[in-house]
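Here's the structure, in structure tokens; my notes come after.
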Amino acid sequence: MPEGKQNILDLIQGSFADADEEKVSKYLDRLYAAISDYTKNIRRDSLLVLLLVTAFELVNSSPGTQFSVASFSFHKGSVVLQFVPAVVAYLFLQIITDSIRLADMGIAFRHLFGRWLGGKGYLETSGFIMPATPLYWNIKQSLPSRDVIQYHRYARQYSTSSWFTGVLVAGILAFEAHAYYVLYSGKFSHDILWLISLCFTLACLVISTINFIDWYLTAQASLLA
């Protein structure tokens, strides 16, 4: 980490260096509520992505099918159809952004919880009261130390979750490529709206990749600091 820069743990330790247990407890309550909100948002957006992908493929394979989501409805040949991949890309960016915030808040919660209990040896017990996260999307899950009997069980769960996350990301990228290939092969190949949709999608995917890589490198630097 660059000299003079502070990570999340530095900010937490500096902000609550002289705080009593009551102040720490109140902040933990608010932090827990925020973590719960982000977890719900990730679950909702992930399910919406799955719904939109399924709807697009269903409409594409069945010309007579019409699909409605909220106040939007689309069918094969509809102008709205070419913006479905763009919406999926935006939701993917939102999921990545919320996941990074969730991971950072999880770090803060675990260390503040350990401070509230009176020592670093209690950091791992914070995982028992954290909100449940979807198995198919759970980046930077906390694992107990290797000398804990349940370590291997939690490690398998983490590996399973990582596998599902990888499949989900690969599926979204494959859908984007397939969706624009289908739209390009149709009557939208020379439509300016198709090009706008494609540019918006690429921007969302590139920003998602940059944000994730930046977060991952920062997280690794924090661990080595």
Could you go through residues 44-58 and list every donor-acceptor pair under 3.5 Å that involves a side-chain atom there, pairing it with any protein atom two or more places apart or in another chain?
from  : atom 1 : to     : atom 2 : distance (Å)
Ser46 : OG     : Ile42  : O      : 2.7
Thr54 : OG1    : Leu50  : O      : 2.8
Glu57 : OE2    : His178 : ND1    : 3.1

Identify each donor-acceptor pair in which a side-chain atom of residues 100-109 lies under 3.5 Å from a protein atom, sequence neighbours left out, and give them as a table.
from   : atom 1 : to    : atom 2 : distance (Å)
Arg101 : NH1    : Tyr38 : OH     : 3.4

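Of all non-hydrogen atoms in Tyr136 and Leu168, the two that sit nearest each other are O-CD2, 3.9 Å. What you find for Thr201 and Ala89 is that their closest heavy atoms are CG2-CB, 3.6 Å. Among all heavy-atom pairs drawn from Ser208 and Ile96, the shortest one is O-CG2, 3.9 Å.
Between Trp194 and Tyr180, the ring planes are perpendicular. Angles over 60° get that label, and only those under 30° would be called parallel. Phe212 and Trp215 have tilted rings, their planes meeting at an angle from 30° to 60° on a 0 to 90° scale.
In this structure, CG in Asn41 is found 11.5 Å from CG in Leu91, a value given to the nearest 0.5 Å. Atom CG of Leu205 is separated from atom CG of Leu93 by 8.5 Å, given to the nearest 0.5 angstrom. Distance OG1/Thr97 to CZ/Phe92: 10.0 Å, rounded to 0.5 Å. For the atom pair CG of Leu198 and CD of Glu176, the computed distance is 9.5 Å after rounding to the nearest 0.5 Å. Taken to the nearest 0.5 Å, the CZ atom of Phe113 stands 10.0 Å off from the OG atom of Ser25.
Between Phe83 and Phe200, every side-chain heavy-atom pair lies at or beyond the 4.5 Å cut-off.
Cluster annotation: Val169 and Val206 are assigned to distinct hydrophobic clusters (Ile/Leu/Val/Met/Phe/Trp/Tyr, side-chain heavy-atom contacts under 4.5 Å, transitive). Under the 4.5 Å side-chain heavy-atom criterion for grouping Ile, Leu, Val, Met, Phe, Trp and Tyr, Ile210 is not connected to Leu217 through any hydrophobic cluster. Grouping the Ile, Leu, Val, Met, Phe, Trp and Tyr side chains by contacts below 4.5 angstrom, directly or via other members, places Val167 with Ile95. Under the 4.5 Å side-chain heavy-atom criterion for Ile, Leu, Val, Met, Phe, Trp and Tyr, Ile207 and Leu202 are members of distinct hydrophobic clusters.
With sequence neighbours left out, Ser36 forms a side chain to side chain contact (heavy atoms under 4.5 Å, CB included) with Tyr32, Pro131.
A donor-acceptor pair under 3.5 Å links the side-chain atoms of Ser197 to the main chain of Gln82, judged by distance alone.
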